[in-house]
Each structure stands twice: as C-alpha cells, then as structure tokens.
Amino acid sequence: MPEIATKETTREITFAEAVREALAEEMRRDSRVVILGEDVAEAGTPFKVLSGLVEEFGTQRVIDTPISEAGFTGLAVGAAMTGLRPVVDIMFGDFITLTMDQMVNQAAKVHYMSGGKWKVPMVMRTTLGAARRSAAQHSQSLHAWFSHVPGLKVVLPSTPYDAKGLLKTAIRDENPVIFFEDKMMFKMKGPVPLEEYTIPLGVADVKRVGTDITFVATSSMVQVALAAAVMLEEIGISAEVIDPRTTWPLDEKTLVESAKKTSRAIVIDEGYGRYGVTAELAAVIAEGAFFNLDAPVKRLGAMHVPIPFSPPLEDATVPNEQMVFDAARKLCGRS
Amino acid sequence: MPEIATKETTREITFAEAVREALAEEMRRDSRVVILGEDVAEAGTPFKVLSGLVEEFGTQRVIDTPISEAGFTGLAVGAAMTGLRPVVDIMFGDFITLTMDQMVNQAAKVHYMSGGKWKVPMVMRTTLGAARRSAAQHSQSLHAWFSHVPGLKVVLPSTPYDAKGLLKTAIRDENPVIFFEDKMMFKMKGPVPLEEYTIPLGVADVKRVGTDITFVATSSMVQVALAAAVMLEEIGISAEVIDPRTTWPLDEKTLVESAKKTSRAIVIDEGYGRYGVTAELAAVIAEGAFFNLDAPVKRLGAMHVPIPFSPPLEDATVPNEQMVFDAARKLCGRS
Amino acid sequence: MKTVADRRTKIETGTGAELWLHMYRQMTAIRLFEEQVNELYTRALMPGLAHLYVGEEAVAVGVCEALTPEDYITSTHRGHGHCLAKGAAPDRMFAELLGKEAGYCKGKGGSMHIADPTTGNLGANAIVAGSTGIATGAAFSAKQLGTKQVAVCFFGEGALGQGVLYEVMNLAQLWKLPVIYVCENNFYNEYTHYLETTAGDIQARAAAFGMPAESVDGQDVRAVHAIATRLVERARRGEGPAFLVCNTYRMRGHHVGDINREYYRSKKEEQEWGDRDPIKRLGDWLIKEKHAGAETLHDMESEIRREMEAAVKFAVAAAYPGPEEVDQDVYA
Amino acid sequence: MKTVADRRTKIETGTGAELWLHMYRQMTAIRLFEEQVNELYTRALMPGLAHLYVGEEAVAVGVCEALTPEDYITSTHRGHGHCLAKGAAPDRMFAELLGKEAGYCKGKGGSMHIADPTTGNLGANAIVAGSTGIATGAAFSAKQLGTKQVAVCFFGEGALGQGVLYEVMNLAQLWKLPVIYVCENNFYNEYTHYLETTAGDIQARAAAFGMPAESVDGQDVRAVHAIATRLVERARRGEGPAFLVCNTYRMRGHHVGDINREYYRSKKEEQEWGDRDPIKRLGDWLIKEKHAGAETLHDMESEIRREMEAAVKFAVAAAYPGPEEVDQDVYA
Ligand SMILES: Cc1ncc(C[n+]2csc(CCOP(=O)(O)OP(=O)(O)O)c2C)c(N)n1
Ligand SMILES: Cc1ncc(C[n+]2csc(CCOP(=O)(O)OP(=O)(O)O)c2C)c(N)n1
Ligand SMILES: [Mg+2]
Ligand SMILES: [Mg+2]
C-alpha cells in the first residue's frame, strides 16, 4: 500500500493529472520521450488528459497524427528501436484491434527475434471500461489480449498514485508496455507524494487488508472491490483487496498468499469474463492455493455480450459493488 | 466419440482432404458459399488444402485476393450481411492480427448492435501451431483472442472426422465462426463416414475413456494427449481425453463431469500458456469440479516466449507427450 | 415522416421541381432532427454523446436520392443524416438515441450504430473507416448475385488515414464492384485540421487505383445529386467503383459537447461556412426559380418541426428494453 | 567477406570502375549465397524454408550502395540479398539460417528475421509490409535526433495490398521523413501474378501522397544506383520521402520448395527474364567498357564461391544455442 498518508507529504490530484504529471516529468527528464496520437496536442485528447503538454514541450514532441493507429504504432516501434522513447496514445482501447500486428508481430518480438540486439522501449497508453453510453465499439476492455503475448508488459493502474508511479516506470522500461486507463477514473482524486517516485512493474499492492476473503481486482474494479469490502464489513466479513497492478509481469505470489490466508477468493476484472484476465487470475489462485481454498474461486468479468448502448442494459454488463458483495456473501456461506 | 468404426461405412482421408471435402460439399449444396483468400485458387493455398476447388467451382467462387487480410475480411463481413456465405482463408494464424478490427469490432458485433437485424454468416479458416521452423511470426496459436470475444464462435478440430463435420456446420452457422487448423495435422489420416454428416458446435468429444485423470486438449494437442495416455497406460494410469472441439460455445458440462469422475485434470493447448485457453479451461474445471478434485488442475501451453526458429529451442516451447506424461504422473502422485 | 418508397413514388411521377422540393424537405428534416438531438443532450435526456450532421445535409441527401431503396449504404459516427436520407423514420431513430426498445436496434446500438435492413442501411459505424469493408462486401454480393444493387460508403476525410480504405478500394477496382466511396471532407478530424493529417491530393489517392475520382461542392445538393447519379448509374451498369469527395463543413462541434472550438478553428471560418448553408442555398434557388414561395418553404419547415417534436415525444415516452434483452442477439 | 566500412573505403578512394566492380562482387556474393541456401535445403540441412533473391540482386546492391553504414534498412521474407548488400557476413547469416548460436540472432530469428544493428539492419520481416512502420519510425528518429541518417524500406509489390503502407507513406510525407520506399516488383505475390492483385498504377499510389515516385529497370544495377543515390541524398537533405519501383524478376520459386511453377508462370517467361540477368548484364558491360576482363570476373566468382563454401562449413559445424537460451531475450 502507498506509504503516503500524511497531508504534509502528499497532494490530491486526479487520475488524469497523475498521467499528465508522469508524462511531463519523464519528458523533462529525457528528451527522447515523445507523444504520438490523434488529437493529443492542442486538444490534449478528447479526455483532456494531455492538456498543457504541447504548450510545454511543443509540437515536435507532442504530435498530432492522422487517424492511422496501425501506421503510427508501427512508426513508434521503429522510432523506439532507433533511439526515441515514444508514448503512443490510442484513444479508445477498442482501437487496439488496429494495432495488433504492430504490437504483437513486431513490437513484442523484435527483441527476441533479433537475439536480444534490438530493443523496443515504447509505451502505448489506451483506455478500457464501459458505462459511458458509448456502445459496443467504444467500451471494451481488451487487455487480456496483450497479457497473452510474451514480449509485452501490461499495466492497469487503479489510483492516481499508481497511475503516476507506474507510468513513469513504463516509460523507463526497455520493453513495449501497454498502459490501460479506465475512462471512468480520469476525474477520480487521490493522494500522490510531493517527491518524485516510481512503482516497479510486477508488484501487486494490497489495497485493503482483510481475513475472510480475497478480492483480486484490476483497474476500476479495485474501487468496486473496495466499496464491496466496506459493505461486507457491515455484515462482519473482512475482505482483503489485492491489486496486481500489472497483469504481466504478474505477482502471483502476493495473490496466492492472500488466498491461502483467507481461503476464499473472487477475481474481478472489467474485460469479458470468458478467456480473459479473470480466467488467468483464477487459475493461478486455484492452483497455488489449492490446498487452502474452502470454496472455488469466483470470477466476475464483463458479461459475454457486446456492450449495449441502452443504459439499463449496459449497467447490467459490468461488475458492480452489489454483485461483488452478493458473490462474496454467498462464497462465505452467508446467503 | 465418432460412431464410425467399421471399414464398410468409412473411408480414410487426410485432415486436408477433410477440409476440402467439407468446402466442396457445402459449395455444391449452397451457391452462396464463396472462398476468398491469398493463393486459394490455382495454387490451392501454400498447404494445398484447397487444391482442385477452383477447377470445380471456378474463379468466381474460389477467389484469389491481394495480400489484404483486413480488406478482404471486411469485404466478407459485408458480403455475409447481404446474402453470401463467405469463407475467408487467412494463410497463417499469425496474420489474424491484421483482421482483429474487422472480426471483433465488426463481424462479432453487427448482429447485436443492430438489435438482431443483420447477420454475419461467415467463416474464417486459419491455422495455428508451431514446430514448422517458421519462427515467431508464423507459428502462433492465437485462438484465445477470438474465444474472448462475444459474438464469435471458435472451432479447433483435432481429427479429419471432426474437421469435416465441424466445418460443414460452421459454414451453415448464421454467425462468424473462426476455424483453426493445425498446420502439422494436414497430412494426418483418419476415418470419415461415407455418408454426409455434420457435427454440432459446442459439443465436446470424449476421445478416450479413462478413470484416473482427465486430459482436456485442443487441436493437435489431442493427439499429444492420446499419445501420453498410451504411455500412462503402461504404468497403470488410465487417462480420459476430452476434446472440447469448440472453445466457444464451450461444453463445460462434459469437461467438468469428467474431472469430477477422475478427480484430476490437465488442460493442454498450443496457445501461449498465459491468459490463454488453458486458463479458461482450468478455471472452469477448478470451479465446477472443486469438491471432487484431488489435485490442482495443471495447465500446459506454449512457453511464454515468441516461438524461436532454432529447432532445439522451438521444440522446447510446445507441449509434447513426454511433458504430458510427466505432468500426469506427478499429478497422480507417482513421481 | 414518409418512407423512402413513399417519397420515391412522389418523385417518379413528379417534375424536376418536385424532386428539389423533396430534397429541401429531406435536408430540413435532417437539420431539425439534429437540433432536437442537441436539445435532448442539453436537457440531459440523451445518454452519451452524438455527432451532428448540421451543415453537411446536401451530401447525404444528394447522394441518397440517387439510390433506390434496395441500394445499400454504410454510415459513420456522424450518421443521422445518412440514415434519414436513406429513409429512416425519426421516431425510431430518436428512440434508438435514447436507448429505447422501440429504436431501430432495440436501443442496443445508439447514435453510432443505427442500422436498418428495410432501408438498405447496413449500419452506422463508430470505427473510423470501419464500414469501408462492409460497403465493399455489399457491392461484392450485389455483383455476385446479380442484383444490380449499388452500395454507397460514406466516410469523413479522417478515414483517409486508415489503411483498410486503400485495401478495399483496390479490391473494388480489381473486381469492378458497384460501390461509391463518398468522402465527406468537412475539414476536421475531430479537433485537428485535415491538412495536418492528409498529405498530397485526396482524389489522387483513389484515382491511383484506377477508379474515377471526382470532387464536388458539398454545399450544393443539386451538384452532389447530379454527380452521384452519374457515378451510381455507372456502377449499376457494371463499370465499377468510383470515389467522390464532397467538400463540406461541420457547422457544429465534433460532438454535442464540443462547444468551445476557438482553439482549433475561428469563429470567422464558421461564419463564412454558415453563409454557405446548403439548405438556405437550395431554398434561395427554389425561390429565385419560382419553384416555391418563401411561405411554402416556411410551412414545410414548421410541419417538419412538428413531426420532429412528436417523434421526440414518442421516444422520450418509450420504454427501455427489458433486462432479459441484454444477452439476446449475441448470436443469430 | 568485407564489411560495409571496408568496402566503402575502397570505393571512396577508387575510380568509378571500382565501384561497379564492387557491385559486381556484391551481386555475385548474393547469388552464390542463395545457391548455397538452395543446396542446404536440398540436402535437408536447413530447417524450414527460405525465399531466394536470385535475379533481384541489382535492387539490393544498387540501393544499399547509395547508403552509408549508419543508414537503416528494413527487409522482407526474401531478405538475404538486402542483409548482405548492407554488409552482413555470410558465415553468420548461414549460421542464422541453420538456427545456430553463432547466427546474427543466435538462431532465434532464422532466414526471415535476420537483423543486425552494426550494419543498420533493422530486420527482415515475415509479415508482408510488416516493416514499413519500422522503417518510417527509424526515419522519424533520424529526423527528430538530427542524425542525417536515411532509412530504406524494401518490400515486394505484394505489400501494396497492405493498408499500413499507405498509412505510413502519409505520415512520412506529412512529416518529411528521410525514408525511401523501395518496391521490388518481381511480378508475383507468391503464386499469383501481381496484375491480378494490383489495380491501377503503382507509382501513382505513392505520388498521391505528394512524394516523388519513380520507377527503374531493376535488372540494371547502374540505373538503380543512380536513382537511389538521387533519392537518398534528397532525403538526407531533409526534402522528404520517396518511392521507387524496381521492376525485376524472381528467377526461382516463391521459396526453395516451389519447384513446379508451370501452373502459374511459363518456362518461356522465366527464360526471357533469365536473359536479363542483372549480374550477367553488369559483367558484359564491364567487359565491353574494358573495366575488367572475363577472367577477372571469373576469378572473382571463384573466390567468392570459396568464401561461401567456407561460410557454410562454419555454419554447419556451429553449435545450436543451449536450452537455457529459449527464454532469454523475451524482455530487455
Ligand atoms: C479507428 C478510430 N480511431 C479513432 C476514432 C475516434 N474518432 C471518432 S470521430 C474521429 C474523427 C473523424 O473525422 P472524420 O473521418 O473526418 O469524420 P467527421 O467527424 O469529420 O465527420 C475520430 C478520430 C475512431 N472512432 N475510430
Ligand atoms: C500479412 C501477410 N500475409 C500473407 C503472408 C504470406 N506471404 C508470404 S510472402 C507472400 C507474397 C509476397 O509477395 P511480394 O510482396 O511481392 O514479395 P516477393 O515474395 O515477391 O518478394 C505472402 C502472401 C505474409 N507473410 N504476411
Ligand atoms: Mg472530417
Ligand atoms: Mg513479388
């Protein structure tokens, strides 16, 4: 858990500000860092996450691109191999579909295929998450795909603190890293240290300590899990909330140890429930904590349907605190 | 298991022939079926799977395309919506990276987004599997990605019998179906009925009955599992081999019932081991057979590395019968 | 509002002036529809966002009036105009925009995914250039099945950035498919001027594939219609695809929430284009040519406004889909 | 075999004739390398397949001789020629083709993935058009970092089918990046004639983006070199990208196993192109112009042949990577 608690050593900033600060700090620190994407410069992205960066760093380093996700991602791969550290912005996570060849057949494999000679230090920032009434092509959480691919690293921050610290590390990493931001979290506030800090990739964070059940949650589902934990406290169930923070590298040990301790686990992720992140996390826990589990690991992901536009339907597709609460109560034999 | 056992009612054909026969029969039956892909006509694909089809059906129905996987897949989506039943050929499964937007944002979602009005009855045939010394960009088994996406169906035949029966069903299906053929199986022979037949999607096949351990294996890993089962028999371990045949729809019941019966399970799939098909199958079994399992479900997938070219390295990355044998022996407490 | 078929009958039996009056009506309907959408957004009655077609009406109407009801279109995130021009009913469109069961897609699609087989609408699409393959495939079916249908693929100039467009133009020309690629150049990819994203010459990009590539004043519905008719009939005769750039302007923001636009374009530019309003332009011509009096046009507008209000009312009152709908229609 | 740097020194101090003699040597080296590859395949000593560059040598050599060692190239599945022309050593290339530790990529890449930072080789690529982004990105770095390097992107005419090529050409022209797109038109996409897959005009496809697009006889190394030099120097001066179609011919099959080709092309066609062999052509010219005697050329060939045999021997004898290598280099 962040060792940042006192008012004197922290500031409150939003998730969007955390991302922006990480970029600004790294761009100041390293002139090789450039940003490429659609409407990233003057517009600062449609989510306004990058507002102000072009003013500080100029259009030579904050670069508006054509609507060419494959093209500018491919360009970034080559740029990363030859001395730059590009950060590409893919406006909606749904559009990674267009970059799969560049990311998976190129970026992920260049280092290995060249016998370790070429490196691809690039970051792809993109979004995930539904519930914005944006319908099926603007609401997906497709991070499971990249997590499946050796050579890539995948980061899923859940707080402003994590967002800033993890993004700084991602930019300094020598490998292609995909950084998924939940669109619904940009305005969420949280403390960050006054001092500079980074967070290593591959280290899970215990967001809440508990004894009766383990929630392993990613991205905005961490907030959902924490809310459910509060509800559960009222009925006497103590939930531990673990945030892996990166699906790859994956801190299996922390997940498994927690499940061993509590003997029950629910994994919660906003990707589609089938063949997704919940499957891997559940499988890891079920194997690692096999002899300690009192109940099967329960998985909560997005319903296996394209995300519908209609609000009441959309709301039914994404795990919420009530669903987590209900599942936990049942798993603890309380319903 | 195929109810085809006697010599009088069956013929021996190769896996490639099975695919070709399925296509030919469906093309004879339904003039709306057309084949689109690179070098599918006179060349009959580099694997010669389609040899002879253009001679029977002409270049109006067996159509050579430019090297435009996204383009002709997208075209097939539109053609499927408007009265044809296209079968597109993606030469290597690694190239599905280029079709993800068309398959995932378009084909998979058209029916749902239109409130059930438009349908996309198309098939994508492609390959999976390593071990051809083709290196990292021609050896991947990326079927987990499509399995993750609602709106798509994913078929993984493991025998000529299954290939023929499942492909015929896929072509008649009203939805986009992706059909993965293991490149190493094209020459494998097996019996098929003399009579026409189809196999429903979503029905697992018990490829071997056993009592001590369940292997759930896909595609060519079914053969690996069967070979390991023979080895195990010699040391007195009776393995059951279940082939889900389709990862979506998934016949959970058959998998879980078998694991309940044997109390031990290994899942084997040639995709990358992380965040892949093994995770889903293991999670399903671990949950469904929780109270019957005597040991954690063991997963065997491709090593989490880009597939190397060098033969000794490549061979180490894919599960083989010895690995399955060793894992099973250990899981049964025999090592 | 009338369906395409109704409108067709009227036109086919009428004189030239009736056709232009009809187009005036269609453009006005789109304009007033969009004003209601903006209203719904401002009053927080519409979930999510919408991309208004205000200012570009002459393109959708000029092109769609060159089509038969059986012809196909594909549309974009900025799709209301195309859907209406191809014959969609405003009430069911509003219902869709509000996520209601009575909508064209039972509320599952929303503003960016309106689709309707009965009017040949293969669907709006929220992926830039995402429907270029679909339109080309519809033309492929038409040719393969010998139906004589034509497919029109609408897209913004931003789609010129997407490689798949070039892939399918190559296919269309190789196989002489009856598809028209209509590029609506409204100057902006969201908040970025197209000259910052588009090298070289737009028409040349299509002409390089060997297909006719033309450009037209997209504020002049009569010009759009004339050229569209020519290209559509050419395609129908089996002579292959064509490309048409319609130079137009997005009079509002990228979406309904894009209010403060001065950081990317000037008020002056907006005003200048406002002066070239396609509806006003056609209206002036109709009056000048004595095809209609100002009053007729005014009455028409009032009538459409009432229609739109009724349609909104219908949509607002309509029911959401039941919870059981959520996992229906995933598979056919 | 000499490295690029060695070769350069020789040329820069030499006369024109030395340059052409050097290119003759380079082309011959590629030809004889490929013959050894075919041998290795036939003798079942090489795992997998390989795509031979026989007949196309003038393209790689003519272009790469216009580059400095620091300039970048990206290559394709048919990449041996590009790698050698940019300065790779045959022994380590053969070792790579055999999957040996001593190979350029420790055997992990194989024929289709040879890469070598020391010669500016960003890598061969087994995805058609797969390296077009990488080459453009290298040019982006060169511009951003002010290094004056140029990047050359080699690809077959089959890559014209891939949309990403158009996306990156647009970027390159918008940002005036120092990249040359070299399209090797050898008539075939595997087993399909390019006219069946390529509508319109190849040069026009690039010219539409506003960049110079030229074409050249790819069997004439002097012509290739002249035009490549001009385009490279233009790019180096900051004037932006260019496109160059080299018309050439793949004298062998698509890959080493493609022996029976008559179903897709005639023996006659192969013979006609055989008569235009780029090595023979340069040799004839050298002799005609008295830059070299037939014997000199013959001796050169014998010497290279011996080099190649020694290189093969080295590779065959070399060790495979140890099992611990399999999960090294996944992450940097
Ligand atoms: C593949 C993809 N990339 C980015 C976006 C985000 N986006 C939505 S509209 C738009 C601009 C489109 O510009 P244009 O094609 O000119 O259409 P216009 O909005 O001007 O009608 C962008 C970038 C998207 N929807 N799809
Ligand atoms: C994206 C992709 N699609 C298909 C292939 C299979 N393939 C390998 S080479 C080739 C033909 C390439 O033709 P061309 O670009 O002209 O190069 P050439 O082989 O003639 O040098 C094809 C289709 C591939 N490697 N990558
Ligand atoms: Mg625009
Ligand atoms: Mg070629």
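The chains referred to below are lettered A, B, ... by the order of the sequence lines, with proteins before strands, and numbering in each begins at 1.
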K.L.:
Where on D:Asn125 is there a heavy atom nearer than 4.5 Å to chain A: the side chain, the backbone, both, or neither?
P.N.:
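Contact with chain A: side chain only.
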K.L.:
Report, by ascending residue number, the residues of residues 57-73 of chain A in heavy-atom contact with chain D at a distance under 4.5 Å; give 'none' if the set is empty.
P.N.:
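From residues 57-73 of chain A, the residues near chain D are A:Gln60, A:Arg61, A:Ile63, A:Asp64, A:Thr65, A:Pro66, A:Ser68, A:Glu69, A:Ala70, A:Gly71, A:Phe72.
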K.L.:
Below 4.5 Å, heavy atoms only, C-beta onward: do A:Lys117 and D:Tyr104 meet side chain to side chain?
P.N.:
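Sidechains of D:Tyr104 and A:Lys117: in contact.
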K.L.:
For the CH2 atom of A:Trp118 and the CG atom of D:Asn121, what is their distance to the nearest 0.5 Å?
P.N.:
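Rounded to the nearest 0.5 Å, the CH2-CG separation comes to 8.0 Å.
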K.L.:
Using a 4.5 angstrom heavy-atom cutoff, name the option from D:Ala151, D:Ala332, D:Ala126 with the most pairs to chain A.
P.N.:
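Result: the option with the highest number of such pairs is D:Ala332.
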K.L.:
Which pair of non-hydrogen atoms, one from A:Gly83 and one from D:Ser141, has the smallest distance, and what is that distance?
P.N.:
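Heavy atoms only, the tightest pair is N-OG, 4.3 Å.
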K.L.:
With only heavy atoms counted, which part of D:Leu177 is less than 4.5 Å from chain A, the side chain, the backbone, both or neither?
P.N.:
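Just the side chain, heavy atoms under 4.5 Å.
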K.L.:
Test side chain to side chain contact (heavy atoms under 4.5 Å, CB included) on A:Tyr112 and D:Gln328 and set out the steps.
P.N.:
CA-CA 8 Å; A:Tyr112 191 84; D:Gln328 298 303 301; over 6 Å; no
K.L.:
For chain D, which of A:Thr82, A:Asn105, A:Val77 has the most heavy-atom pairs under 4.5 Å?
P.N.:
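The option with the most such pairs is A:Thr82.
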K.L.:
Tell me, out of D:Leu174, D:Thr118, D:Val164, who's got the most heavy-atom pairs with chain A below 4.5 Å.
P.N.:
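The residue among D:Leu174, D:Thr118, D:Val164 with the greatest pair count is D:Val164.
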K.L.:
Measure the CD1-CG distance between D:Ile134 and A:Leu75 for me, rounded to the nearest 0.5 Å.
P.N.:
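One gets 10.5 Å once the value is rounded to the nearest 0.5 Å.
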K.L.:
Do other residues, nucleotides or ligands put more than 12 heavy atoms under 6.0 Å from A:Lys253 NZ?
P.N.:
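For A:Lys253, atom NZ is not crowded (no more than 12 foreign heavy atoms under 6.0 Å).
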K.L.:
Atom OG1 of D:Thr74 and atom CD of A:Gln106: how far apart are they, to the nearest 0.5 Å?
P.N.:
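Result: 9.5 Å between the selected atoms.
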K.L.:
Side chain to side chain contact (heavy atoms under 4.5 Å, CB included) with D:Tyr331: which of A:Lys153, A:Glu174, A:Lys119, A:His111?
P.N.:
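So, applying the side chain to side chain contact (heavy atoms under 4.5 Å, CB included) to D:Tyr331 and each of A:Lys153, A:Glu174, A:Lys119, A:His111, only A:Lys153 qualifies.
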K.L.:
Does anything in residues 86-103 of chain A reach chain D? List residues with heavy atoms under 4.5 Å apart, or say none.
P.N.:
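Residues of residues 86-103 of chain A touching chain D at under 4.5 Å: A:Asp101, A:Gln102.
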K.L.:
Please report the interatomic distance CE(A:Met113) to CD1(D:Ile114), rounded to the nearest 0.5 Å.
P.N.:
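It comes to 12.0 Å.
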K.L.:
Given a strict heavy-atom distance threshold of 4.5 Å, which part of D:Leu171 is in contact with chain A: side chain, backbone, both, or neither?
P.N.:
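When you check distances to chain A, only side chain atoms of D:Leu171 fall under 4.5 Å.
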K.L.:
D:Cys105 and A:Ser114: which non-hydrogen atoms are nearest, and at how many Å?
P.N.:
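Minimum heavy-atom contact is CB-C, 3.6 Å.
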K.L.:
So which of A:Leu152, A:Asp173, A:Val110 has the largest heavy-atom pair count under 4.5 angstrom toward chain D?
P.N.:
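The candidate making the most pairs under 4.5 Å is A:Leu152.
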K.L.:
Do any of residues 30-39 of chain A come closer than 4.5 Å to chain D, heavy atom to heavy atom, and if so which ones, in number order?
P.N.:
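Under the 4.5 Å heavy-atom cut-off, A:Val34, A:Leu36 qualify.
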K.L.:
Could you tell me which portion of D:Tyr166 (side chain, backbone, both or neither) has an atom closer than 4.5 angstrom to a non-hydrogen atom of chain A?
P.N.:
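Neither; nothing under 4.5 Å.
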K.L.:
Does any heavy atom of chain D fall under 4.5 Å from the side chain of A:Val149, the backbone, both, or neither of them?
P.N.:
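Backbone only.
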K.L.:
Any idea which of D:Met169, D:Gln149, D:His113 has the most non-hydrogen atom pairs under 4.5 angstrom with chain A?
P.N.:
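Most heavy-atom pairs within the cutoff with chain A belong to D:His113.
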K.L.:
At under 4.5 Å between heavy atoms, what parts of residues 320-327 of chain D are in contact with chain A? List them by residue number.
P.N.:
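Listed by number: D:Glu325, D:Val326.
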